[in-house]
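Because the structure is predicted, anything quoted here is derived from the model rather than measured. Below, chains carry the letters A, B, ... as their sequence lines are ordered, and counting in each starts from 1. Only this structure's heavy atoms are used, side chains among them; waters, hydrogens and symmetry mates stay out.
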Protein chains: 2
Amino acid sequence: MTEIMDVCEIQCINKENVMRVRENTLLAEEVLGLSEIFKALGDPTRVRILHALFQEELCVCDLVEVLGMTQSAVSHQLSSLRKLRLVKHRKAGKMVFYSLDDDHILNLFAQGLAHIRHQRLS
Amino acid sequence: MTEIMDVCEIQCINKENVMRVRENTLLAEEVLGLSEIFKALGDPTRVRILHALFQEELCVCDLVEVLGMTQSAVSHQLSSLRKLRLVKHRKAGKMVFYSLDDDHILNLFAQGLAHIRHQRLS
DNA sequence: AGAACATATGAACAGACGTTCATATGTGAG
DNA sequence: CTCACATATGAACGTCTGTTCATATGTTCT
């Protein structure tokens, strides 16, 4: 007669590995912060906006022209980027000029491009 | 009498700016590639998985233990990371060991952390 | 004041995404 | 072969996200 085993959990755990990794975890705050930035860069429209602003300060209507998208769509995305402090804005009469708020983004882009180009080779 | 104007488009465009930016656009392919990688890093679970693997090769059940999540959830995420070639796997009997497929990711993480730490100071 | 323009914003909608649940696949032990 | 285990995977579900549409805000000009 075999005993009834209603406990069926994973047993292959290497405790040493787990403990070692656990000692060096990111804070929950850091994990959220990281994923938030990357999520911000994880959309084609926002990538194009940031890349355009990377070159020079632009007003909303210039961005609309460059992207070939609705003014509303662009404005909404600029709004998210603003909330994340990735871009800053400057008012000039009716117009609003946007520019990058943080040069670190530039490095992220460079690393990202390096990654996709590295991938294409392999 | 004012003429009927049913054309109501944006007219504030600075053509020089637009043309200059247009000369230096990313290829559609590059835009998609970039946003795809960043999107992959734009989720807390995947950030934690990659950060764990950054330290050492781990099997699925170790990851389940470290993350405190369902085996299914972890497996699904590993599947996406594999499709994006961010992780690679090695079979050993019943178990499957995952590790980072690309060290560029490491640099992206470092830049990302620099960004969020820079923000906290300002 | 009113008209024209530049931008912002709320609501709505479709599509993408992450988790869960149930179940399938594949491997080693007995 | 059968069982237990490690992992993978499809379907379903609720939630998030990006765009569109309509409209609001704020500015300049007359």
**OP:** Using a cut-off of strictly less than 4.0 Å, decide whether A:Gln77 has a side-chain nitrogen or oxygen near OP1 or OP2 of D:dT17.
**Re:** no

Original post:
Is there a side-chain polar atom (N or O) of A:Tyr98 under 4.0 Å from OP1 or OP2 of C:dA6?
Top reply: no

Original post:
Knowing that exactly one of A:Arg90, A:Glu57, A:Arg82 qualifies, which makes a side chain to side chain donor-acceptor pair (under 3.5 Å) with A:Tyr98?
Top reply: A:Arg82

Original post:
Side-chain N or O of B:Lys39 less than 4.0 angstrom from OP1 or OP2 on D:dT17?
Top reply: no

**OP:** Select base, sugar-phosphate, or nothing to describe what A:Phe97 touches, counting heavy atoms under 4.0 Å on all strands.
**Re:** nothing

Subject >> Side-chain N,O (B:Arg82) to OP1/OP2 (D:dT9) below 4.0 Å >> reply: yes

Quick test: give all pairs of protein nitrogen or oxygen and nucleotides 20-23 of chain C nitrogen or oxygen below 3.5 Å, distance rounded to 0.1 Å.
residue, atom, partner, partner atom, Å
C:dT20, OP2, B:Thr70, OG1, 2.8
C:dT20, O4, B:His76, NE2, 3.2
C:dC21, N4, B:Ser72, OG, 2.5

Subject >> B:Arg46 side chain near C:dG18 phosphate (N/O to OP1/OP2, under 4.0 Å) >> reply: yes

**OP:** Pick base, sugar-phosphate or nothing for B:Thr45, based on heavy-atom distances below 4.0 Å to the nucleic acid.
**Re:** sugar-phosphate

**OP:** Assess whether atom CZ of A:Phe97 is packed by more than 12 heavy atoms of other residues, nucleotides or ligands within 6.0 Å.
**Re:** yes

Original post:
SG of B:Cys61 to SG of A:Cys12, below 2.5 Å?
Top reply: yes

So which protein N/O to nucleotides 25-30 of chain C N/O distances come out below 3.5 Å?
none

Subject >> Residue B:Asp43, side-chain heavy atoms: nucleotide from C:dG18, D:dT7, D:dG18 that is nearest >> reply: C:dG18

